[in-house]
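Notes for the one structure printed next.
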Amino acid sequence: MSDIKRILYIEDNPQNMRLVGKILKVNGYDMVGALSGLEGVELAIAQKPDLILMDINLPDIDGMEATRRIKAVQSLAHVPVIALTAAAMRGDRERILNAGCDDYLQKPIDTVQMMETIRRQLARVEAMNSFLLTGD
Ligand code: MN
């Protein structure tokens, strides 16, 4: 069994998709990409990723609606969702967190901050899982 974590990136901008794909690969993660919210929800269900990066402005359902649908699936409810939002959406932080996103990053993407956030969220899930297993 592989220990490589798989990250689903839901993003309609192909340049961002390529850039983030390279960064994740360099950092030892696998990336699966979806170009729309609905495709993203389907892929999340099919692939059960370890973490989801969620663009908010998407061509069909937005990232908040996609997050709500993903979090409503019991087997995905624990998967961290990190929202990526355009600067124009500053102030919508509450709405994004209320939709069920676990964390929030602003575009343009700061790659160091993004990797820190990904590692922190994955560590949080692992700590939660080991707590559930051991009862410590
Ligand atoms: Mn977008």
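In this text the structure is predicted, and so the values were computed from the model without any measurement. Whatever order the structure lists them in is the order used to number ligands and atoms, beginning at 1.
In this structure, Asn16 and Asp55 have side chains that are not in contact, with every pair of non-hydrogen atoms separated by 4.5 Å or more. Counting heavy atoms from C-beta outward, Val79 and Ile70 have side chains that stay 4.5 Å or more apart.
Neighbours of the Mn ion (ligand 1) restricted to protein N, O or S atoms under 2.8 Å: the count is 3.
Sequence neighbours left out, the pairs with a member in residues 11-21 that pass salt bridge (charged side-chain N to carboxylate O under 4.0 Å, His left out) are Glu11-Lys107. Here salt bridge (charged side-chain N to carboxylate O under 4.0 Å, His left out) pairs that include residues 119-134, with residues two or more places apart or in two chains, are Lys5-Glu126, Asp102-Arg124, Asp103-Arg120.
At a threshold of 4.5 Å between side-chain heavy atoms, the hydrophobic network of Ile, Leu, Val, Met, Phe, Trp and Tyr places Met54 and Leu8 in one connected group.
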Side-chain donor-acceptor contacts of residues 35-43 below 3.5 Å, not counting sequence neighbours, with atom names and distances?
residue : atom : partner : partner atom : Å
Ser36   : OG   : Glu39   : N            : 3.2
Ser36   : OG   : Asp60   : OD2          : 3.0
Glu39   : OE1  : Leu35   : N            : 3.0

